[in-house]
K.L.:
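Quick one: structure below, then a few questions.
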4 protein chains.
Amino acid sequence: MRASKKDDGVDARTRILDAAETLFAERGYDASSTARIARLAHVPKGLVFHYFPQKIDVLVALVDERTFIEELPEDAVEALPGDPAGTLSRLARRFPLRASPAMRRILFREAATHTSVGERLGRLNSEVFRRARRALELALPGARGDQARLEVAAATFAAVLIYQENLSQLTGQAVDPDAVADLIARALGGT
Amino acid sequence: MRASKKDDGVDARTRILDAAETLFAERGYDASSTARIARLAHVPKGLVFHYFPQKIDVLVALVDERTFIEELPEDAVEALPGDPAGTLSRLARRFPLRASPAMRRILFREAATHTSVGERLGRLNSEVFRRARRALELALPGARGDQARLEVAAATFAAVLIYQENLSQLTGQAVDPDAVADLIARALGGT
Amino acid sequence: MRASKKDDGVDARTRILDAAETLFAERGYDASSTARIARLAHVPKGLVFHYFPQKIDVLVALVDERTFIEELPEDAVEALPGDPAGTLSRLARRFPLRASPAMRRILFREAATHTSVGERLGRLNSEVFRRARRALELALPGARGDQARLEVAAATFAAVLIYQENLSQLTGQAVDPDAVADLIARALGGT
Amino acid sequence: MRASKKDDGVDARTRILDAAETLFAERGYDASSTARIARLAHVPKGLVFHYFPQKIDVLVALVDERTFIEELPEDAVEALPGDPAGTLSRLARRFPLRASPAMRRILFREAATHTSVGERLGRLNSEVFRRARRALELALPGARGDQARLEVAAATFAAVLIYQENLSQLTGQAVDPDAVADLIARALGGT
DNA sequence: CATGAATGAGTATTCATTCAT
DNA sequence: TATGAATGAATACTCATTCAT
């Protein structure tokens with residue numbers, strides 16, 4: 001059995017990552033000491049370094065293991081030709097970025113200063129963008145509107161999708177993906 | 001003369017803020033030590049604390065003094081009735097948020113962890129949103145499209161405007177405000 | 001073995017307390033830097049904070065662990081009825097306050113500025129006073145002299161006992177507890 | 001006129017000493033920064049060093065100028081032969097040590113660590129002792145009790161007199177000089 | 001595997017003191 | 001005589017990391 005220790009039957013490594021996720025999201029990577037992570041995880045200080053030789057490895061593991069895009073088949077969104085708004089909405093709901101709100105905060109905050117995080121965020125964004133574009137292409141078979149416009153639409157939608165939570169946390173103003181999906185669909189003349 | 005000292009004829013306080021802006025943007029607030037700021041500013045360590053009793057005061061001063069919305073008259077954007085795309089584009093160009101790229105990075109990065117920064121970002125975002133909405137109202141006198149849609153359009157445009165630089169830095173994908181302006185105008189039926 | 005390290009086979013925590021006791025007594029708490037304590041204790045600076053998270057905790061530990069009144073049975077002083085002078089002298093010799101001269105200096109010097117030290121000193125003084133009073137009561141069974149006078153006598157004796165060393169250090173004038181015991185005995189008519 | 005400045009018509013030097021007296025008594029010499037003294041005195045930081053080239057000079061001036069023994073004639077206490085208790089009580093009331101409670105705290109606290117303060121305290125104590133002895137000699141003309149006992153009595157009384165305030169502040173137990181005077185008189189057989 | 005004592009470089013901050021004005 | 005910017009050494013405290021057990 002993995003869980004040979006206390007604390008919810010969750011093994012030490014997982015508890016360390018849980019604690020780090022919480023703290024990194026709350027106060028940032030730099031402001032979260034390994035000692036505090038260990039304390040929150042209910043593990044001795046030394047054990048953190050047993051699993052993660054360097055502090056940065058905790059962040060890397062977090063990003064590696066806790067943010068990813070599900071491997072859906074290309075057409076999984078069931079794009080409905082003629083219904084770009086619905087298609088985008090469905091994409092938003094089946095949202096391919098699996099990451100807790102905490103992980104998103106970490107992703108955005110540390111992206112600028114830690115290249116590995118930045119790269120991951122770039123890849124996630126590209127993937128969401130690619131899917132949005134593909135979904136729009138399928139939903140608008142007649143290719144009404146040129147390709148450039150479609151790309152702008154996909155980029156805008158991807159930005160809103162990925163950033164929405166951050167946006168509302170930081171600015172206090174919520175943006176509803178469905179409403180944006182509708183807006184974009186109108187722009188592309190899909191209604 | 002104010003600037004009786006070395007270094008570009010700029011006084012010490014300003015040099016400290018300059019250095020802090022650079023470093024905070026590059027590596028984040030926590031990772032920028034006051035000693036490094038002082039070194040980059042060519043001032044002795046102690047002087048930083050003469051002007052800013054606490055390190056956080058440097059960040060606060062930066063946000064207070066180096067990010068603001070110009071007090072333009074409400075109609076300064078010269079909204080052209082019937083031309084929402086052009087109106088938004090002009091708004092983007094006369095962009096009311098005066099903040100260096102560095103200050104924007106600082107704003108987003110520290111917003112989540114330092115309330116004063118978060119508040120400022122929230123206020124800036126509201127202001128940009130308000131202006132975008134107002135511009136759209138003027139550009140679409142017939143009020144085609146309901147108010148809700150107009151708000152979504154304004155919020156989306158504000159998000160793109162404020163985040164654009166961050167977005168491209170973080171995701172590696174540039175979003176052109178003009179293209180988004182055009183997209184939004186189409187959605188509102190303004191073309 | 002506890003003491004697996006260098007320096008007299010005494011463990012690091014004890015060496016830190018020893019060093020602090022010496023320095024606090026010599027130059028006062030404020031004037032004794034943690035760095036100097038560490039140096040004198042032959043431990044790295046960081047270790048001081050491993051055992052004592054704050055500098056003040058060193059002082060508190062010192063007072064907690066190195067000043068106390070032995071738990072003697074109430075009648076341990078073997079008061080001799082009719083011999084108050086001898087009784088007080090014996091009390092002075094079996095003095096119940098176990099504290100090095102250094103600890104006493106620390107106690108008096110920091111009492112005014114650190115409440116925890118002040119409280120401890122207050123408690124120690126009360127205890128010595130209580131014992132002196134009890135000893136006098138036992139030595140003067142006929143209760144010659146009223147209770148008020150007896151209390152003054154006990155308080156005076158306690159003050160001399162507790163302060164004696166400090167008094168002679170500070171004023172250069174020694175006060176002999178035995179002589180004071182004799183004086184007090186005469187005042188109470190015990191001879 | 002001395003008082004050319006604000007603040008109660010008291011000149012800057014006096015205000016600095018007042019502030020220092022307050023702060024040194026409250027928190028000790030080391031813990032009172034010159035900047036804080038200046039602030040409390042409502043003078044600019046630089047002015048402190050104008051009057052007192054070094055910080056220690058403030059303490060020295062305080063002790064020099066604010067603790068002294070009045071130059072009373074030797075027999076000023078009007079010793080009443082046959083009434084040692086009354087004589088000591090009168091001595092206590094005409095107490096020759098002129099020093100505010102604050103100055104006494106400073107005197108005792110810094111005596112151990114600053115030789116000049118220590119010396120002053122030693123001299124003050126000697127003087128009080130000398131006067132107490134002289135008063136007792138005059139009050140007990142028959143020289144009842146030997147000289148040694150008389151000295152112990154004088155020393156005890158001097159200690160109580162000088163320390164009384166400190167004692168009660170530190171230990172929470174008040175000692176009444178009059179009661180001690182009575183006690184000592186009884187010991188010397190003066191009643 | 002697990003643990004916590006040990007290490008020392010680094011951090012924010014304080015402070016007495018100087019000095020040009 | 002008055003002033004506050006300037007200086008840099010010193011201070012309490014933090015922290016990632018190592019390692020003997």
Side-chain angles (χ1 to χ4, degrees), chain A residues 4-5 11-13 29-39 43-58, chain B residues 1-2 4-6 11-13 16 29-39 42-58, chain C residues 1-2 4-6 11-13 16 29-39 41-58, chain D residues 4-5 11-13 29-39 42-58:
Chain A
S4 58
K5 281 291 183 168
D11 68 17
R13 188 175 181 281
Y29 173 83
D30 285 316
S32 306
S33 71
T34 54
R36 208 179 211 278
I37 293 171
R39 206 182 322 134
V43 301
K45 250 187 332 178
L47 199 55
V48 173
F49 288 88
H50 179 72
Y51 288 114
F52 308 99
Q54 313 235 77
K55 184 187 174 189
I56 190 67
D57 296 326
V58 178
Chain B
M1 259 159 293
R2 240 22 214 317
S4 58
K5 284 292 185 161
K6 62 190 168 186
D11 68 17
R13 187 174 182 281
I16 292 169
Y29 173 83
D30 284 317
S32 306
S33 74
T34 54
R36 209 174 209 276
I37 293 172
R39 204 181 322 133
H42 298 294
V43 300
K45 271 186 312 177
L47 198 55
V48 173
F49 291 89
H50 180 69
Y51 288 111
F52 308 99
Q54 314 230 67
K55 184 186 174 189
I56 190 68
D57 296 327
V58 178
Chain C
M1 260 158 291
R2 241 19 214 318
S4 59
K5 284 292 186 162
K6 61 188 169 186
D11 68 16
R13 187 174 181 280
I16 292 170
Y29 173 83
D30 284 317
S32 307
S33 74
T34 55
R36 207 174 211 276
I37 293 172
R39 203 181 324 132
H42 297 294
V43 301
K45 272 185 312 178
L47 197 56
V48 172
F49 291 91
H50 178 69
Y51 288 109
F52 308 99
Q54 314 230 66
K55 184 187 175 188
I56 190 67
D57 296 327
V58 178
Chain D
S4 59
K5 281 290 186 170
D11 68 17
R13 188 175 180 282
Y29 172 83
D30 285 315
S32 306
S33 72
T34 55
R36 207 179 213 275
I37 293 170
R39 206 182 321 131
H42 298 293
V43 302
K45 250 187 331 179
L47 199 55
V48 172
F49 287 89
H50 179 70
Y51 288 114
F52 308 98
Q54 311 235 76
K55 186 189 174 187
I56 190 66
D57 296 327
V58 178

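Within every chain, numbering begins at 1; the chains are lettered A, B, ... in the order of the sequence lines, protein sequences first and strands thereafter. Values in this document were obtained by computation on a predicted structure and should not be read as measured data.
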K.L.:
CG of B/Asp11 versus C1' of F/dG4: gap in Å, rounded?
P.N.:
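Interatomic distance, CG of B/Asp11 to C1' of F/dG4: 15 Å.
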K.L.:
Just to be sure I understand: a Watson-Crick pair is purine N1 to pyrimidine N3 plus N6-O4 or O6-N4, both under 3.5 Å. Using that and G-U wobbles, which stems of three or more pairs involve DNA chain E?
P.N.:
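For DNA chain E the paired stretches long enough to count as stems (3 pairs minimum) are E:2-21 with F:2-21.
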K.L.:
Among the candidates E/dA16, F/dT7, F/dT3, find the nucleotide nearest to the side-chain atoms of D/Phe49.
P.N.:
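So the side chain of D/Phe49 is nearest to E/dA16.
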K.L.:
Would you check if A/Tyr29 and B/Asp30 make a side-chain contact, meaning some heavy-atom pair closer than 4.5 Å?
P.N.:
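They are not in side-chain contact.
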K.L.:
To the side chain of C/Leu47, which of F/dG4, E/dG4, E/dA5 is closest?
P.N.:
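My answer, after comparing the listed nucleotides, is E/dA5.
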K.L.:
Among residues at least two apart in sequence or on other chains, which ones pass side chain to side chain contact (heavy atoms under 4.5 Å, CB included) with C/Phe49?
P.N.:
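Side chain to side chain contact (heavy atoms under 4.5 Å, CB included) list for C/Phe49, sorted by chain: C/Thr34.
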K.L.:
Which atoms form the tightest heavy-atom contact between C/Ser32 and C/Ile37, and what is the distance?
P.N.:
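Nearest heavy atoms, C/Ser32 then C/Ile37: O-CD1, 4.3 Å.
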K.L.:
Starting from P on E/dT7, measure out to CD1 on C/Ile16 and report it in whole angstrom.
P.N.:
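In whole Å, E/dT7 P lies 10 Å from C/Ile16 CD1.
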K.L.:
Start at the 5' end of DNA chain E and walk down; is the nucleotide closest to B/Pro53 or to C/Arg13 reached first?
P.N.:
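It is C/Arg13 whose nearest nucleotide is closer to the 5' end.
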K.L.:
If you compare all heavy atoms of C/Asp57 against all heavy atoms of C/Phe52, which two are closest, and at what distance to 0.1 Å?
P.N.:
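For C/Asp57 and C/Phe52, the tightest heavy-atom pair comes out as O-CD2, 3.8 Å.
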K.L.:
Between C/Tyr51 (side chain) and C/Val58 (backbone), is there a donor-acceptor pair under 3.5 Å?
P.N.:
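No, because the side chain of C/Tyr51 does not come within donor-acceptor range (under 3.5 Å) of the backbone of C/Val58.
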K.L.:
In whole Å, I'd like the distance from the NE2 atom of D/His42 to the C1' atom of F/dA2.
P.N.:
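Answer to the nearest Å: 17 Å.
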K.L.:
What are the two closest non-hydrogen atoms of B/Val48 and B/Ile16, and how far apart are they?
P.N.:
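Nearest heavy atoms, B/Val48 then B/Ile16: CA-CD1, 3.9 Å.
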K.L.:
Return the value, rounded to whole Å, for the distance between atom CZ of D/Arg39 and atom C1' of E/dT14.
P.N.:
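Going from D/Arg39 (CZ) to E/dT14 (C1'), I get 12 Å.
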K.L.:
Mind calculating the distance between CD (A/Gln54) and C1' (F/dA16) to the nearest angstrom?
P.N.:
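Roughly 9 Å, once rounded to whole Å.
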K.L.:
Please write out each protein N/O paired with an N/O of nucleotides 9-11 of chain E under 3.5 Å, distance rounded to 0.1 Å.
P.N.:
| unit_1 | atom_1 | unit_2 | atom_2 | d |
| --- | --- | --- | --- | --- |
| E/dG10 | O6 | C/Lys45 | NZ | 3.4 |

K.L.:
If I take atom NE2 in residue C/His50 and atom P in nucleotide E/dG8, what distance separates them, rounded to the nearest angstrom?
P.N.:
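Rounding to the nearest Å, NE2 of C/His50 and P of E/dG8 are 15 Å apart.
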K.L.:
May I have the distance from A/Tyr51 (atom OH) to E/dT3 (atom C1'), rounded to whole angstrom?
P.N.:
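Rounding to the nearest Å, OH of A/Tyr51 and C1' of E/dT3 are 13 Å apart.
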K.L.:
Toward the 5' end of DNA chain F, which comes first, C/Ile56 or B/Pro44, by nearest nucleotide?
P.N.:
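Nearest-nucleotide comparison on DNA chain F picks B/Pro44.
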K.L.:
CD1 of A/Ile37 versus P of F/dT17: gap in Å, rounded?
P.N.:
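Distance, rounded to whole Å: 11 Å.
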K.L.:
What distance do D/Ser33 atom OG and D/Arg39 atom CZ have between them, rounded to the nearest 0.5 Å?
P.N.:
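Here the interatomic distance stands at 6.5 Å.
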